[in-house]
Undergrad: 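Take a look at this one; I'll ask things after.
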Amino acid sequence: MASRVDDLSILSELERKVLWLATWTIHNANHLRENSDGLKVGGHQASSASLATIMTALYFHTLRPQDRVAVKPHAAPNFHAIQYLLGRQSREKLEKFRGYRGAQSYPSRTKDTDDVDFSTGSVGLGVAQTLFSSLAQDYVRAHGWGLDRPEGRMIALLGDAELDEGNIFESILEGWKQGVRNCWWIVDYNRQSLDAVVREGLWERYENLFRNFGWDVVVIKYGSLQQAAFAEPGGEVLRRWIDNCPNQLYSALVFQGGAAWRKRLLDEIGDQGAVTKLIESRSDEELARLMNNLGGHDLPAVLEAFDGITHDRPVCFIAYTIKGYGLPFAGHKDNHAGLMTAAQMETFRAVMDIRPGHEWDRFEGLRQPEQALQTFLDNVPFARGGERALKAPRIDVPDELAITLQSEMATQQGFGMLLNEIAREKTELAARIVTASPDVTVSTNLGPWVNRRGLFARESMADTFKSERIPSTFNWEFSPKGQHIELGIAEMNLFCTLSALGLSHAITGERLLPIGTLYDPFIARGLDALNYACYQDARFILVATPSGITLAPEGGAHQSIAEPLIGMAQDGIAAFEPAFVDELAVILAFALDYIQRDGGDEPSERNWLREETGGSVYLRLSTRPIEQIKRDMTPALRQAIVDGAYWLREPGPNCQVVVAYSGAVAPEAIQAVGLMAEDRRDVGLLAVTSADRLNAGWTAAWRARERGLVHARSHIERLLAGLPRHCGIVSVVDAHPATLGWLGAVNGHRVRPLGVEHFGQTGSIPQLYRHYGIDANAIIAAAQAIAPGRPIRYLGAA
Ligand SMILES: Cc1ncc(C[n+]2csc(CCOP(=O)(O)OP(=O)(O)O)c2C)c(N)n1
Ligand SMILES: [Mg+2]
């Protein structure tokens with residue numbers, strides 16, 4: 001007990017220190033960039049103060065090295081301050097907070113250097129990330145990996161207004177289905193958002209909701225001063241008043257301070273005997289301290305709440321706090337954009353006992369001996385586990401994946417067969433693959449894989465159809481050894497799952513090779529979560545089918561247009577759209593290796609892509625069966641497919657026109673080239689397997705040349721190098737025409753980009769290709785217009 005009291009006094013010193021350092025970091029940053037982003041810096045100041053106590057308790061007392069935390073975006077300064085105190089963050093980075101190469105505004109796994117577990121920024125996503133990371137941890141352990149390490153808790157610190165984000169509720173539902181454990185969410189219940197004061201009584205609704213989904217709910221409402229006051233005569237009356245006080249009024253009184261509290265309390269409950277004495281026996285300052293002493297700002301209350309959890313069920317803590325606690329604008333509804341003035345900062349400095357010039361001194365202004373503080377910090381359990389960013393060895397991937405080609409196949413079908421072949425073998429590769437799908441497992445062709453590898457659940461569940469001997473194509477058995485995670489329809493959850501599984505090597509030290517499947521148009525539904533996963537550098541393969549208007553009878557609601565452009569523009573993901581299954585086999589083998597790279601390889605001067613850093617992969621596939629090409633997969637062809645394009649038909653020296661296509665429109669491109677061969681000389685046919693990688697290589701080669709590497713040439717520049725100037729390019733893709741429209745800029749050729757710009761409709765493939773102008777006839781018409789010459793005789797015949 002004695003040590004607990006000592007700890008408490010040291011912890012309260014550290015709490016002061018965190019508040020000071022975070023406030024100073026922001027003030028300092030604002031001072032540097034006063035004119036550019038003052039408003040947003042303000043958000044940091046008030047929000048960080050709101051969480052200073054909770055984060056002090058968490059990092060200096062509760063956390064263990066295996067625990068992982070998503071810190072809400074505006075509390076980044078607290079996090080950096082804590083790491084600074086633990087010797088894991090430099091003063092230089094803090095001084096440059098929000099500046100170039102400084103500590104990031106919002107905690108970033110990839111950009112910060114002080115051991116951020118999960119990035120945050122887009123509110124709601126870091127919260128869901130913790131839930132899915134708990135599931136990922138369970139998955140890893142259920143497969144018998146990483147059992148020599150202790151289980152970690154996945155913890156999110158979130159704002160109350162953050163709970164407006166729907167993706168949080170989608171994740172709660174999924175977590176309940178999957179039996180989530182070891183997950184803590186700590187809600188900073190300051191009843192303020194960016195613009196406003198939060199609605200009354202929200203916590204009761206949350207409490208019910210969380211309990212309904214199996215969570216423990218702990219409300220940290222009253223601080224220890226308040227609890228003691230409630231025990232005094234008249235205390236009950238005060239408690240009732242606090243409970244009934246509207247959020248707006250409480251915030252306003254916090255802002256106004258002791259005299260305002262006194263007046264209000266005496267006006268409303270002052271004639272009720274004992275409570276008058278309770279109020280009057282306190283000075284203005286003491287009264288303000290009592291009324292501000294909400295649970296979330298009271299170390300004993302917070303520690304008791306955290307220490308009180310002895311089970312592994314998910315827990316939601318609702319901690320009452322005051323936004324801007326301890327700062328002059330505490331409680332004011334405009335404080336998100338508020339900033340302390342220089343004069344206020346001076347007053348605050350005096351209160352904190354900080355001498356000018358000593359703002360960054362770690363123990364400045366603290367009353368405990370430095371030695372005691374340092375000894376305490378050296379023994380903080382969280383910081384005693386060494387390196388927390390884990391590494392996992394790469395899993396071998398063969399150059400070639402086995403597949404038997406049929407004469408006609410769709411890439412989606414090929415994908416199912418490739419995975420089925422992998423599933424047959426007892427290899428490390430097969431063991432480490434984990435698939436996930438938002439209720440489209442069978443319709444994206446994962447059925448054969450699931451039949452062989454089973455569905456994952458922490459507890460086994462038999463397939464009743466199977467046990468009842470009812471014939472069914474699919475074996476739907478759940479077990480801890482299963483390798484497919486069946487998700488509900490919410491695509492956000494798919495991306496959050498991929499984000500969590502795709503960081504397993506760093507979080508649990510065990511490599512997973514996650515593959516997620518969904519319908520291509522619904523990438524847009526989870527796009528921010530996809531972006532978030534990429535920003536955190538999670539590694540996964542996304543397989544999207546069906547795509548484009550090629551899924552013809554499904555109609556406009558399911559036809560994707562923009563996704564290839566998303567694939568090109570999204571950082572951290574390499575997008576491919578193969579036409580043939582042998583190409584897909586090459587790309588999938590590449591992808592399984594690419595998602596495991598971490599910068600250790602040599603940079604590539606062949607295609608100027610950042611190959612060595614690796615990333616995630618997006619495969620846009622199709623359900624359209626097309627005739628396959630019988631050919632040998634030579635090393636050169638394999639390389640070209642991975643680099644993004646190859647000549648399916650080499651252009652001759654007098655080439656007048658080139659057709660460049662991507663994906664399912666291959667038969668139309670091939671047919672058009674055949675039909676125009678008599679009327680246009682030396683026509684070339686360029687198969688583009690990755691517009692994304694071609695484009696990225698091209699811009700990278702330019703950058704290299706601008707840096708003086710005059711011989712730098714990208715793959716697409718080499719492919720188009722021999723084309724005569726006057727040659728025209730017709731590009732065609734079942735997606736927005738801009739996907740390939742840039743090809744003409746590479747060597748200054750005119751381009752007629754064909755593609756789909758408007759919402760689709762139901763129909764057959766030929767009808768829709770004709771309607772939207774991506775059939776053979778449209779290609780020929782475009783060729784005739786861009787490469788003038790004698791009329792192409794088969795125009796209109798296709
Ligand atoms: C998806 C998304 N939308 C909007 C924002 C801008 N934003 C940042 S913080 C915030 C309000 C947060 O309120 P709360 O979660 O209660 O935290 P507090 O400010 O009280 O600390 C908003 C709207 C964002 N970061 N992400
Ligand atoms: Mg809030």
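We number each residue from 1, following the sequence as shown. Each ligand, and each atom within it, is numbered from 1 in the order the structure gives. We use all heavy atoms of the structure for the numbers below, so side chains are in, but hydrogens, waters and symmetry mates are not.
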Undergrad: Determine whether Tyr84 and Thr25 make a side-chain contact, defined as any pair of heavy atoms from C-beta on separated by less than 4.5 Å.
TA: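 When only atoms from C-beta onward are counted, Thr25 and Tyr84 do not touch, as no gap falls below 4.5 Å.
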Undergrad: Asn190 heavy atoms, cut-off 4.0 Å: which ligand 1 atoms fall inside?
TA: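 Answer for ligand 1: 18 (P), 20 (O), 21 (O).
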Undergrad: Show me which atoms of ligand 1 lie under 4.0 Å from any heavy atom of Glu162.
TA: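 With Glu162 as reference, the close atoms of ligand 1 come out as 15 (O).
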Undergrad: Give me the residue, atom name and distance of the protein heavy atom closest to atom 24 (C) of ligand 1.
TA: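 Atom 24 (C) of ligand 1 sits closest to the protein heavy atom Gly121 O, 3.7 Å.
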Undergrad: Working note: Glu359 + Arg349, criterion salt bridge (Lys or Arg N to Asp or Glu O under 4.0 Å); need CA distance, chi angles, decisive distance, verdict.
TA: CA-CA 9 Å; Glu359 292 85 358; Arg349 176 208 295 279; 2.7 Å; yes
Undergrad: Check Val123 against ligand 1 and report side chain, backbone, both or neither, counting heavy atoms closer than 4.0 Å.
TA: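 Looking at Val123 and ligand 1, atoms from backbone and side chain both fall under 4.0 Å.
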Undergrad: Among all protein heavy atoms, pick the one closest to atom 3 (N) of ligand 1 and tell me residue, atom and distance.
TA: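 Nearest protein contact, heavy atoms only, for atom 3 (N) of ligand 1 is Glu165 OE2, 4.0 Å.
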Undergrad: Between Tyr532 and Phe495 (judged by ring centroids, cut-off 6.0 Å), do the two rings come close enough to count as a pair?
TA: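 Centroid separation for Tyr532 and Phe495: 6.0 Å or greater.
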Undergrad: Would you mind listing which atoms of ligand 1 come within a distance below 4.0 Å of any non-hydrogen atom of Ala161?
TA: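 With Ala161 as reference, the close atoms of ligand 1 come out as 13 (O), 14 (P), 15 (O), 16 (O).
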Undergrad: Salt-bridge test for Arg153 and Asp312: reply yes if a basic N is under 4.0 Å from a carboxylate O, no otherwise.
TA: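 No salt bridge links Arg153 with Asp312.
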Undergrad: How far is atom 10 (C) of ligand 1 from its nearest protein heavy atom, and which residue and atom is that?
TA: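 The closest heavy atom on the protein side is Leu194 CD1, 3.6 Å.
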Undergrad: What I want to find out is whether Arg289 reaches Glu286 closely enough, with some N-O distance under 4.0 Å, to be called a salt bridge.
TA: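 Glu286 and Arg289: not salt-bridged.
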Undergrad: Do NZ/NE/NH1/NH2 and the carboxylate oxygens of Asp114 and Arg88 come within less than 4.0 Å?
TA: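 So Asp114 does not pair with Arg88 through a salt bridge.
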Undergrad: Give the atom numbers and elements of ligand 1 that come within less than 4.0 Å of a heavy atom of His74.
TA: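 By the 4.0 Å cutoff, the relevant atoms are 8 (C), 9 (S).
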Undergrad: Can you list the atoms of ligand 1 that are under 4.0 Å from a heavy atom of Lys72?
TA: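 In order of numbering, the contacting atoms are 17 (O), 18 (P), 21 (O).
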Undergrad: Please work out whether the ring planes of Tyr320 and Trp203 are parallel, tilted or perpendicular, with thresholds of 30° and 60°.
TA: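 Perpendicular, since the angle between the ring planes exceeds 60°.
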Undergrad: Measure the distance from atom 19 (O) of ligand 1 to every protein heavy atom, then report the residue, atom name and distance (to 0.1 Å) of the closest one.
TA: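 Minimum-distance protein heavy atom for atom 19 (O) of ligand 1 reads Lys323 NZ, 2.7 Å.
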Undergrad: So for ligand 1, is Asp160 a polar contact partner (N or O within less than 3.5 Å, distance only)?
TA: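 Indeed, backbone or side chain, Asp160 has an N or O that close.
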Undergrad: Numbering the atoms of ligand 1 from 1, which are under 4.0 Å from a heavy atom of Ser47?
TA: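 Here the atoms of ligand 1 in question are 18 (P), 19 (O), 21 (O).
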Undergrad: Could you check whether Asp117 pairs with Arg388 (Lys NZ or Arg NE/NH1/NH2 to Asp/Glu carboxylate O, under 4.0 Å)?
TA: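 Salt bridge between Asp117 and Arg388, a charged N being under 4.0 Å from a carboxylate O: yes.
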Undergrad: If you count the atoms of ligand 1 from 1 in the order shown, which ones are under 4.0 Å from a heavy atom of Ser122?
TA: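 Atoms satisfying the 4.0 Å criterion: 1 (C), 26 (N).
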Undergrad: For atom 5 (C) of ligand 1, decide whether some protein heavy-atom distance is shorter than 4.0 Å.
TA: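 Within 4.0 Å: no protein heavy atom nearby.
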Undergrad: Listing by chain and number, which protein N, O or S atoms are under 2.8 Å from the Mg ion (ligand 2)?
TA: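 Under 2.8 Å from the Mg ion (ligand 2) - ignoring waters, which are not counted - the protein N, O or S atoms are Asp160 OD1, Asn190 OD1, Gln192 O.
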Undergrad: With the threshold set at 4.0 Å, does a side-chain nitrogen-carboxylate oxygen contact exist between Glu268 and Arg264?
TA: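 Salt bridge between Glu268 and Arg264, a charged N being under 4.0 Å from a carboxylate O: yes.
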Undergrad: Are the ring centres of Trp185 and Trp215 closer than 6.0 Å?
TA: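 Centroid distance Trp185-Trp215: below 6.0 Å, so yes.
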Undergrad: Do you know which two heavy atoms are closest between Gly615 and Arg539, and how far apart they sit?
TA: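 Closest pair (atom of Gly615, atom of Arg539, distance): N-NH1, 3.3 Å.
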Undergrad: Please work out which of the three classes, parallel, tilted or perpendicular, describes the rings of Tyr206 and Phe210, given edges at 30° and 60°.
TA: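 Perpendicular: the ring planes of Phe210 and Tyr206 meet at over 60°.
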Undergrad: Set out, in order, the CA-CA distance, both residues' side-chain angles and the distance that settles salt bridge (Lys or Arg N to Asp or Glu O under 4.0 Å) for Asp353 and Arg16, then state yes or no.
TA: CA-CA 10 Å; Asp353 236 349; Arg16 266 167 73 87; 5.1 Å; no
